[in-house]
Amino acid sequence: MEKQFFYEIEGNAKSQEALLLGETIFHNANGYIGIRGAYEEGYPPEYISIRGQYINGFYDITDMKQAEALCGLIEKKQTMLNIADTQSVEIWLGGEQFSLFYGTAKEVKRSVDLKKGVTLRKIAWVSPEGKEISLQFRRMTSFVKLPLFLQEITLTCHNYEGEVCLISSHFGEAENFCDPSDPRVAGEKTQYLFADTPHCQGDISLILAKTSRSGLSLCSGVAHAVPAGFEKQTVVKDKKAVHKITGKSVKGKTLRFYKYSWFSDSIRCGNPEEETEKKLKKVMMQPVEELYGEQEEYLSDYWEKSNLEIEGDEELNSAVHYNQYALLQSVGKDCYSNMAAKGLSGEGYEGHFFWDTEMYALPCFTITRPEIAKTLISFRYRTLNQAKENARKLGHKRGALYPWRTINGEECSGYFPSGTAAYHISGDIAYSVAAYYLATNDVEFLCEQGAEILLETARLWVDMGNYVDGQFHIQDVTGPDEYTCMVNNNYYTNLLAKYNLEWAEKCKELLMAEGKWEALSKKINLLPEEIEEFKKAAENMYLTYDEALDINPQDDSFLKKKKWDFTNTPKENYPLLLHYHPLALYRKQVCKQADTVLAHFILEDYQKLSTIRNSFLYYEGVTTHDSSLSTCIFSIMAAKLGMVEKAYDYFGESAKLDLFNTHKNTKDGIHTANMAGNYMAIIYGFAGLRIKESGLYLSPCIPDRWKSYQFRFQYRGTRLEVKVDKEGCRIHRLEGKPVEIHLHGSPVLVEDDIRLYKRQEDK
Ligand code: BGC
């Protein structure tokens with residue numbers, strides 16, 4: 001399996017759009033640090049660069065100005081910080097500075113190697129005075145040593161002998177990017193980090209920087225390894241440490257330089273400065289080849305467990321591999337962090353964590369790297385107290401309302417109609433606890449953390465809902481579709497609330513069997529009658545249904561609204577949110593993204609198939625997919641409903657979203673939920689995987705264009721490989737106990753190999 005993906009900037013390394021896109025696509029990250037792929041040598045001043053470096057979970061606080069300061073509105077928010085610039089290196093050959101904007105670039109290739117976990121920039125360049133050089137920049141953020149960012153610069157001078165000088169800088173007070181014209185990125189420029197004067201320990205520079213309000217600090221350290229004969233000198237200028245590396249080039253001889261950056265923060269360690277110095281010195285003792293080797297080994301395990309191949313569609317196959325890799329780069333690896341909407345690749349949505357994690361990323365990790373899924377839920381457990389406080393602020397006497405967007409667990413959404421009102425976030429988190437448990441059978445985790453989340457979120461629904469003619473209603477909430485806000489009985493929210501309440505009741509039995517129920521109910525003061533309340537609300541949950549259309553209306557009022565005038569909406573007016581007042585959207589039948597259709601995917605047994613089909617067709621007609629979270633879900637549901645070619649089209653759109661910049665905002669970062677959704681579109685879509693209380697389900701189908709596809713996943717400790725082609729499918733047990741699968745509805749035991757050959761047209 002040759003997992004390699006090359007993405008070349010189309011012959012034009014000087015286009016502003018390509019530069020910003022390249023910074024995102026070629027970012028390096030490992031779930032802890034993220035470095036945008038800016039050029040080491042920089043760009044001329046007239047070019048915009050989002051030259052960012054970020055740490056997952058590291059933030060500052062700023063004021064959120066509310067013109068009409070109504071009671072309880074958010075007054076401050078968190079922002080992920082651009083922490084420092086350690087990536088800059090100027091290269092001087094005699095008096096000439098290397099830059100792709102001068103001289104002649106004969107070859108410029110950028111790539112990301114998904115097996116080795118490095119990005120590469122290969123250049124053949126002739127200076128204005130005729131010096132011919134080859135350069136290669138290799139960068140790695142280590143998956144094994146999370147605080148390490150390593151840059152390797154390889155320089156060969158073909159016809160030049162003389163002085164070579166590298167000016168490598170370490171700057172401690174980088175600023176965040178802002179764009180006042182786009183609501184999806186920060187609108188104001190604010191200084192967040194204040195750095196001390198750099199402190200040099202031999203040729204190591206250390207900069208301690210403190211946030212202005214969150215009370216956090218971070219130390220970045222930089223050091224170099226240089227070829228024999230080269231000298232290092234470090235000069236401190238204000239908040240910057242400049243490392244000057246000088247020596248001579250010999251014609252045709254390759255010179256190799258290494259720049260090490262290390263980061264420690266006060267969230268995760270007691271003394272960031274001491275830690276950085278100690279660890280940086282230590283890592284520099286380790287041979288670089290070993291560091292690269294560790295990275296490759298880590299990835300080989302990842303690909304081994306989550307291998308996915310499509311035969312007959314090279315372009316989309318590569319895109320899916322890139323997406324899988326980017327997800328691994330984005331996802332937090334400890335309980336202090338999570339997965340931001342843009343991962344660690346840019347500043348869109350200010351580094352906030354959304355429901356994207358639970359409903360998009362988690363279904364991928366539970367079946368490939370369950371320990372990552374568990375860590376993601378642990379983040380929500382760690383922030384449960386803030387969710388309870390948030391519920392109190394909103395007037396609830398009981399329960400936990402998780403924030404719509406956050407870094408530290410507190411709500412950051414300034415626009416509550418499509419933020420705080422999205423109560424489904426609590427249902428999503430509860431759903432993810434149940435989904436993780438069903439996929440892993442990890443009852444210990446349920447007892448320690450999961451059950452408490454399920455019970456506190458269940459309490460919220462009971463507190464906020466009310467009975468109307470015996471049915472349980474949930475008023476004034478916003479579902480996933482942000483073009484329809486503050487509605488009563490959003491189908492998605494009510495269904496998830498029902499599921500949440502059912503699972504709160506179920507976990508009582510599960511915990512009782514483990515002897516853990518007493519202690520937990522005591523800890524959270526759960527009264528016996530509360531379980532009865534959960535049961536009653538779940539049983540009587542009102543779910544919208546329109547008999548004439550045989551669909552689930554998105555909410556009580558949705559079908560009473562006029563349809564959006566799609567015919568007279570010019571193409572350039574999409575996404576609608578950038579061109580129309582929110583109220584103009586709320587009053588019409590128009591959806592930004594999958595809402596009811598998503599509910600039908602995750603909880604398909606709560607509705608009859610005809611309703612699911614009719615709803616899909618209905619919502620397809622009114623959905624703009626202005627959100628990147630949408631097409632993947634439509635793909636999954638089209639596959640379920642037998643519309644395989646339609647599923648393929650939706651899948652293709654979602655696969656290419658970032659690599660082809662189809663939403664025109666990839667410069668602000670990748671769309672992690674879409675990437676995860678794209679992976680889901682194969683496994684949960686074409687292959688029809690479902691994990692339910694009644695077991696494991698697969699109903700594979702295959703698009704015309706593909707010869708075959710295969711993937712690996714795990715379920716309750718058993719690892720399986722599934723291969724689907726035009727003739728049928730084969731399931732192979734790789735590891736673990738034999739497992740029963742409902743294949744196209746019939747139970748089969750996978751002891752070793754199962755082959756089910758069935759021609760497409762027979763289905
Ligand atoms: C979507 C949300 C999503 C957010 C972050 C918005 O455009 O509508 O559902 O959580 O982006 O990805």
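Each ligand, and each atom within it, is numbered from 1 in the order the structure gives.
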Proximal candidate to atom 1 (C) of ligand 1 [heavy atom criterion; set His352, Glu482, His663, Met359]: Glu482
Ligand 1 N/O within reach of Lys592 N/O, cut-off under 3.5 Å: yes
Atoms of ligand 1, numbered as shown, that sit under 4.0 Å from any heavy atom of Trp355: 2 (C), 3 (C), 9 (O), 10 (O)
Residues that Lys656 engages under salt bridge (charged side-chain N to carboxylate O under 4.0 Å, His left out), provided they are two or more places apart: Glu315
Interfacing atoms of ligand 1 (cut-off 4.0 Å, heavy-atom, Ser627): 1 (C), 8 (O)
Side chain to side chain donor-acceptor pair (under 3.5 Å) partner of Tyr492, chosen from Asp428, Thr596, Asn552: Asp428
Pairwise side-chain contact, Thr569 with Tyr580, heavy-atom cut-off 4.5 Å (strictly under): yes
Atom indices of ligand 1 within 4.0 angstrom of Ala341 heavy atoms, with elements: 5 (C), 12 (O)
Partner set under ring-ring contact (aromatic ring centres under 6.0 Å, His included) for His625, not counting sequence neighbours: Phe634, Tyr650
Ligand 1 contact on Leu629 by region, counting heavy-atom pairs under 4.0 Å: side chain
Ring centers of His600, Tyr491 separated by less than 6.0 Å: yes
